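First the structure, in the form of structure tokens, and then the observations on it.
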Amino acid sequence: MKTDTAQAVYLKDYCAPDYLISTVHLDVKLAPAATHVTSTLTIQPNGNIGKNYRPLILDGEEIKLDSLCLNGEVLGSDDYIVDENSLIIATVPQEEFTVEIKTTCNPAANTALSGLYRSSKTYCTQCEAEGFRRITYFPDRPDVLAVFTVRIEGSTVETPVLLSNGNPVESGKLNANRHFAIWHDPHPKPSYLFALVAGNLGVVSDHFTTQSGGDIELKIFVEPGNEDRCDYAMGALKRSMKWDEERFAREYDLDIFMIVAVSDFNMGAMENKGLNIFNDKFILARPDTATDADYANIESIIAHEYFHNWTGNRITCRDWFQLCLKEGLTVFRDQEFSADMRSRTVERIADVKRLRAQQFPEDAGPLAHPVQPESYIEINNFYTATVYEKGAELVRMLLTLLGPDTFRKAMDLYFLRHDGEAATVEDFIRVMEDAGGIDLTQFRIWYQQAGTPELTVNGRYDRHRRTYTLAVSQHCAPSPGQLRKHPYHIPLRIGLVDKCGEDMKLELDGKPAGDDLVLNIREHEHRFCFTNVAHRPYASILRSFSAPVKLTTNATRSDLLFLMQHDSDLFNRWECAQTYATRLLTDATVSGELNEVKSAVFGQALGKLFDDETLEPAFIAQMLTLPGESDLAREMINNVDPSAIYRSRLGLRKNIAANLKENFRHILKTVRLSGAYSPDAIDAGKRSLRNSALGFLAVLEDTSTLDLLKQQYMNADNMTDVMAVLSILTQTDLPLRDELLDDFYSRWKHDHLVVDKWLMLNALAPFEATVGHVAGLMNHPAFSLKNLNKVRALIGTFASANPVAFNHPSGAGYDLVSDTILKLDKINPQVAARLTGVFKSWRALESGRRDKSQLALQRLVDSENLSRDTLEIAVKSLD
Ligand code: 0A1
Ligand code: ZN
């Protein structure tokens with residue numbers, strides 16, 4: 001294998017650092033092509049090294065060493081070795097000593113966006129996971145925690161704002177239009193949490209009073225002119241701060257909390273201590289430029305980064321194999337926050353949809369890896385849905401197993417025991433065991449085994465004995481490097497619903513068991529016998545999706561239709577609708593024919609929901625959303641023909657639209673929004689229901705609906721309703737589609753975030769001709785390969801959200817994407833590698849497309865000088 005030459009890093013090889021750093025003084029003199037950095041480190045040997053004397057090895061990459069002093073003495077070139085990746089000083093004192101390192105880096109040439117780079121004219125940094133070594137030589141590993149003091153010097157014209165972590169200490173003017181600022185962060189932190197920002201930025205300020213009375217300054221920095229788009233982000237930040245105090249008793253711990261929004265960023269955002277840096281699409285919002293979904297993302301990503309202050313920063317990771325310790329836990333926390341701010345059920349549905357769309361295919365394909373991997377080649381490739389989303393599900397299962405009160409006590413203990421430390425997943429589990437008084441030995445398997453467990457649950461009612469028996473079995477298919485799997489400890493939440501739709505009082509083997517029960521599944525097979533069951537119940541299995549498994553049950557279609565109406569667990573009502581539709585659509589895709597009767601019955605069941613006034617509009621909108629094409633492809637397992645799936649799904653939408661058109665018209669008349677636009681969850685839910693109704697009516701393509709679409713586009717006072725019209729039209733080839741898309745572009749071509757939406761809309765048209773159209777757009781002035789948000793909007797959307805066009809039978813879609821990857825790899829390997837992940841399900845395709853996607857991947861592997869990042873993903877995908 002070609003990656004054999006690249007060194008893998010193994011969890012089992014972890015060794016504590018030889019040297020610790022207590023303080024870092026950084027002096028950064030900014031200039032675009034030559035920024036000078038002086039780093040003064042106070043260093044101590046870690047423990048008694050004794051006779052096994054160790055050299056001091058510092059990481060460094062793409063920087064030039066200018067000079068080196070040890071305890072004030074200049075070192076000559078014989079005293080150290082510098083190579084591409086490190087600086088080694090062979091002999092250092094065995095008591096505390098200082099090292100002063102002078103280096104130069106080139107932010108203007110840094111297109112990888114790791115280390116110090118420029119976004120427009122703003123200097124900014126990204127140090128997770130291993131970017132700090134591109135700024136200065138340092139032990140760039142998360143278990144070396146130091147107190148940082150940073151002096152930044154720059155031009156008063158280009159960089160009037162100079163920011164770093166912690167609290168401001170001093171600032172002042174210098175000669176020749178230069179000035180400086182000094183920042184001090186009292187909390188010891190690993191280098192990956194270092195940040196520096198300098199530029200000409202506008203600022204929006206506010207403050208927050210903590211529960212203990214501390215006054216915290218809050219600041220959001222943006223490009224001048226964008227200050228009017230920060231209100232929602234600021235509100236979200238304050239809500240996050242309050243929530244973490246109320247829910248987890250976590251207070252903020254510096255005098256100031258800052259967010260900077262930049263338009264060039266590898267990921268969504270970064271939790272640098274006291275100075276979060278964001279991709280600006282997750283900060284900037286105004287009703288006319290951002291959709292409800294954008295607002296919801298902003299709220300949850302602000303919360304996520306803020307929550308990292310405790311889960312990630314105060315308690316950090318010992319090494320990168322512990323990534324899920326901070327990420328899984330923090331995703332869990334942001335999900336809980338969103339559930340409290342919005343509708344718990346709708347949030348849960350969104351979380352599970354995301355898990356299934358992003359993590360399940362990862363777990364089922366060649367890139368499958370455990371939540372805690374055992375090895376990696378490039379750590380940046382391990383910021384995955386498995387670590388984040390499945391990692392969050394594992395924390396949620398612990399909450400289910402411990403119960404809310406005990407879980408909270410366990411979290412208190414975690415903060416108490418590990419504050420200020422670089423901790424491990426094992427530390428976290430041990431805390432859960434100690435506080436919960438339970439044995440989680442078997443539960444640990446969730447962290448170690450890749451793959452999605454398949455759970456089969458079959459219920460059988462015995463009328464004579466009045467018993468209901470659930471036979472439960474679990475199985476997990478082999479994944480790369482793991483052929484045999486141990487059984488998991490699965491918390492299975494269930495209820496039995498009676499014929500009136502009420503939860504039955506459960507009796508398990510003659511003993512009362514409540515009405516909502518968590519069964520502990522630990523073996524390959526189990527049998528649970530419910531006694532004294534008056535009639536055949538409707539089994540509601542895996543309530544609230546209590547474990548990240550693939551569930552198969554023997555529920556009949558009429559069971560599903562009944563539970564869709566009556567289950568007290570709203571998540572499962574949605575799940576039953578999804579299961580019904582999935583069965584219908586996979587059958588239709590295989591047979592080439594949609595069962596009209598079953599479709600009509602399903603439509604009627606959906607129609608009944610409109611009469612239930614207890615249901616929130618946002619929930620009904622979710623019920624109306626059919627499983628996506630990729631969801632269906634995943635269910636079909638192999639021989640997947642994306643065009644056939646698309647046709648069956650459209651067929652069912654047409655059937656439902658025809659059967660429910662009066663209901664949909666009624667929704668448009670009666671579900672009304674009054675007053676000015678508000679992004680709150682209730683109004684957003686109403687808009688999503690209205691737009692879902694409009695979407696169904698649109699597949700009928702009658703002139704009255706086209707008029708409605710045009711009217712809504714023209715009259716809308718918000719981007720949600722505008723985007724809804726355009727997204728609906730994107731699914732058609734009506735002339736109105738091009739007319740409105742052209743109008744949209746000419747209205748918004750000055751606004752880079754809205755232009756991204758236009759690129760996405762263009763990438764989504766589910767027609768084979770879209771391949772050529774997307775290729776053409778790569779030459780449009782709106783597109784640039786150097787701007788990652790543009791690449792993600794056009795090429796990322798095309799490859800991950802348009803199965804029909806990406807999987808063009810000729811292979812043209814694959815070639816377009818692999819050509820782009822090759823070009824992007826030279827600019828930004830991290831993002832190129834991420835894009836390569838779109839090929840992960842190639843093996844499931846029908847043979848023609850399978851061969852062509854394999855060729856596209858092979859072309860990547862065979863190309864000269866591919867980065868380590870992209871090579872790792874491409875090679876593993878082919879394995
Ligand atoms: N820790 C951030 C995500 C992040 C990860 C890696 C990055 O660069 C390689 C940047 C950001 C978070 O979880 O939000
Ligand atoms: Zn995170």
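On a predicted model such as this, the values are computed, not experimentally measured, just so you know. Both ligands and their constituent atoms are indexed starting at 1 by order of listing.
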With the threshold set at under 4.0 angstrom, would you say N266 reaches ligand 1 through any of its heavy atoms? no

Can you find a non-hydrogen atom of A269 under 4.0 Å from ligand 1? yes

Looking only at protein heavy atoms, which one is nearest to [atom], and how far off is it?
atom	value
atom 14 (O) of ligand 1	E305 OE2, 2.6 Å
atom 2 (C) of ligand 1	E271 OE1, 3.2 Å
atom 9 (C) of ligand 1	E128 O, 3.1 Å
atom 3 (C) of ligand 1	Y388 OH, 3.4 Å

By number and element, which atoms of ligand 1 are closer than 4.0 Å to a non-hydrogen atom of [X]?
X	result
H308	12 (C), 13 (O)
Q830	8 (O), 9 (C)
N380	9 (C)
M270	1 (N), 2 (C), 11 (C)
H304	12 (C), 13 (O), 14 (O)

Looking at [Y] and [X], is any side-chain nitrogen of the basic one under 4.0 Å from a carboxylate oxygen of the acidic one?
X	Y	value
D59	R133	yes
D253	R314	yes
K390	D363	yes

Quick one: CG on L196 to CZ on F148, what's the gap to the nearest 0.5 Å? 11.5 Å

Nearest-0.5 Å distance, CZ of residue F278 to CZ of residue F265: 9.0 Å

Ligand 1 versus K326: contacting region, heavy-atom distance under 4.0 Å: side chain

Decide whether a cation-pi geometry holds between K242 and F208; the criteria are a distance under 6.0 Å from NZ or CZ to the six-membered ring centre and an angle within 45° of the ring axis. no

Partner of T311 under side-chain hydrogen bond (donor to acceptor under 3.5 Å, both in side chains), chosen from E271, K326, R333: R333

Out of R408, R342, R344, R348, which one pairs with E336 under the salt bridge (charged side-chain N to carboxylate O under 4.0 Å, His left out) rule? R344

Do T122 and S119 pair up side chain to side chain, a donor and an acceptor below 3.5 Å, judged on atom types alone? no

Which of the N/O/S atoms in E327 sits closest to the Zn ion (ligand 2)? OE1

Within less than 2.8 Å of the Zn ion (ligand 2), any N, O or S from E271? no

